[in-house]
Q: 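Take this structure, written in structure tokens, and hold onto it; I'll ask about it next.
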Amino acid sequence: MSPTRRCSRTACGRPAVNTLTYVYADQTAVLGPLATYAEPHAYDLCETHSERLSAPRGWEVLRLAPDPKAQGPSNDDLLALADAVREAARPVPPPRTAPAEETGRETGRKGHLRMLSTD
């Protein structure tokens with residue numbers, strides 16, 4: 001299966017570039033940049049079908065232009081990713097002291113779990 005989303009129009013296999021949604025209460029069709037995730041009540045359209053789009057009589061079509069600055073990762077995205085990698089690579093310090101209420105003697109371990117005896 002291809003990782004790119006395809007046009008929702010029947011028999012069209014071109015890659016989708018825009019997403020169409022409807023606001024029924026306002027009788028408005030909104031055509032904007034391709035949504036991050038495929039939604040069940042939205043239609044992904046290729047360039048050709050986006051240009052040919054028409055709405056029912058009495059409806060308004062809003063065409064939202066993509067923001068050229070928003071395309072691709074931003075500096076904030078890259079900094080957040082770098083911070084996440086640094087956090088994941090940071091070693092976990094050992095616990096300072098055992099909990100005061102612990103009264104048993106350790107008899108075994110399995111992963112992060114310990115078995116204690118109450119003798």
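Residues take their numbers from the sequence shown, with the count starting at 1.
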Q: Please name the pair of heavy atoms, one in C7 and one in C46, separated by the smallest distance, quoted to 0.1 Å.
A: SG-N, 3.4 Å
Q: Is there a chain of hydrophobic side chains (I, L, V, M, F, W, Y, each step under 4.5 Å between heavy atoms) that links W59 to L20?
A: yes
Q: Side chains of E51 and N18: does their closest heavy-atom pair fall under 4.5 Å?
A: no
Q: Count I, L, V, M, F, W, Y as connected when their side-chain heavy atoms are under 4.5 Å apart, and connections chain through other members. Are Y43 and L53 then in the same cluster?
A: yes
Q: Using atom types as modelled, flag every donor-acceptor pair under 3.5 Å from a side chain in residues 26-40 to any protein atom, sequence neighbours excluded.
A:
| residue | atom | partner | partner atom | Å |
| --- | --- | --- | --- | --- |
| T28 | OG1 | D26 | O | 3.0 |

Q: With rounding to the nearest 0.5 angstrom, report the CG to CZ distance, D44 to R6.
A: 11.5 Å
Q: How close do C12 and H49 get, heavy atom to heavy atom, and via which atoms?
A: SG-CE1, 3.5 Å
Q: What distance separates L64 CG from T21 OG1, expressed to the nearest 0.5 Å?
A: 8.0 Å
Q: Hey, could you give me the CZ/CZ distance between R9 and R52, rounded to the nearest 0.5 Å?
A: 8.5 Å
